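Every value quoted in this text rests on a predicted model; they were computed, and no experiment measured them.
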Amino acid sequence: MHWPAGYQSRRHGMVSTFKIAILGAQGVGKTAIVRQFLFNEYNEAYLPSKTRRVYLPAAVLNEHAHNLQIMDFPPIASFPVNTLQEWADARCRGVHSAHAYILVYDICCFDSFEYIKTIRQQILQTRMIETPIIIVGNKRDLQSGRVIPRRNVSNLVKRSWKCGYVECSAKYNWHVLLLFRELLQSMGCTRCKHVHAAIRFQGALRRDRCSLM
């Protein structure tokens, strides 16, 4: 098995760490997705993110534990071309060394899809190693306002971009857990590939919480 650069694995303890960066335009629901995953909560009031937030939860998949470092970034003008540019802007710190990316767009906002389309291309041009990317269409609960047919987006993402694609509703906690499970699978966690049930464990293994998938 080939692990991403910087990925830590302890065979006997079966504990590993994944650095996950979440990117997207303003108002697409990045923070709402993270907070549903970690705390099973949703805030109707919209507060735009201005700084990077880092969460340190643990996930247990098929009896194997994984530590996650989830970095929720505010909208960035462009993906930094190198670590020097990354550290010059506090909002971008850590984005260049992530093991995987979640790119979120609002299914009711065409511009938000164009944003992640641009960011994805910049990631490919900047990162020298193959890095898993999952495209997420949020606000599925507003299906009637969709601006691009789901089939069109899914075909583009899966066939042309070779990325995973998940639609979810952060508001109703629909497919949020599935999103993170798919992400871990795409990062090479072969032990997770035959997990069928997806349930939450309300206890906390680490500072934020633990999710059992």
How close do [X] and [Y] get, heavy atom to heavy atom, and via which atoms?
X    : Y   : result
Q122 : F79 : OE1-N, 2.8 Å
P57  : I70 : CG-CD1, 3.8 Å
V95  : A21 : CG2-CB, 4.4 Å
K30  : L23 : CD-C, 3.4 Å

Practice task
Mind running salt bridge (Lys or Arg N to Asp or Glu O under 4.0 Å) on D106 and K139 for me, showing each step along the way?
Solution key: CA-CA 6 Å; D106 176 350; K139 305 188 182 181; 3.2 Å; yes
Fill in the blank from the handout: Those residues at least two apart in sequence (or on a different chain) that pass ring-ring contact (aromatic ring centres under 6.0 Å, His included) with H175 are none
Exercise for the section: Look at the side chain of N138 and the backbone N and O of V28, then say whether any donor-acceptor pair between them is shorter than 3.5 Å. Expected result: yes
Just list the side-chain donor-acceptor pairs under 3.5 Å for residues 44-51, sequence neighbours left out, or say none.
| residue | atom | partner | partner atom | Å |
| --- | --- | --- | --- | --- |
| Y46 | OH | G27 | N | 3.2 |
| S49 | OG | T31 | OG1 | 3.1 |
| S49 | OG | R53 | NH1 | 2.9 |

Exercise for the section: State, without any angle test, whether Y101 and R127 hold a side-chain donor-acceptor pair at a distance under 3.5 Å. Expected result: yes
Problem - Distance in Å, E86 CD paired with T126 OG1, rounded so as to fall on 0.5 Å steps - result: 11.0 Å
Handout entry: Distance (rounded to the nearest 0.5 Å) between I102 CD1 and C163 SG
Key = 12.5 Å
Handout entry: Partners meeting salt bridge (Lys or Arg N to Asp or Glu O under 4.0 Å) with D89 (sequence neighbours left out)
Key = R91
Practice task
Could you check if a side-chain atom of Q69 sits within less than 4.5 angstrom of a side-chain atom of F18, using non-hydrogen atoms only?
Solution key: no
Handout entry: Worked check of side chain to side chain contact (heavy atoms under 4.5 Å, CB included) between I33 and C168
Key = CA-CA 9 Å; I33 289 173; C168 70; 3.9 Å; yes
Problem - Ionic contact status for E167 with R146, cut-off 4.0 Å - result: yes
Exercise for the section: Please step through side chain to side chain contact (heavy atoms under 4.5 Å, CB included) for the pair F39 and Y55, ending with a clear verdict. Expected result: CA-CA 11 Å; F39 311 117; Y55 303 88; 4.3 Å; yes
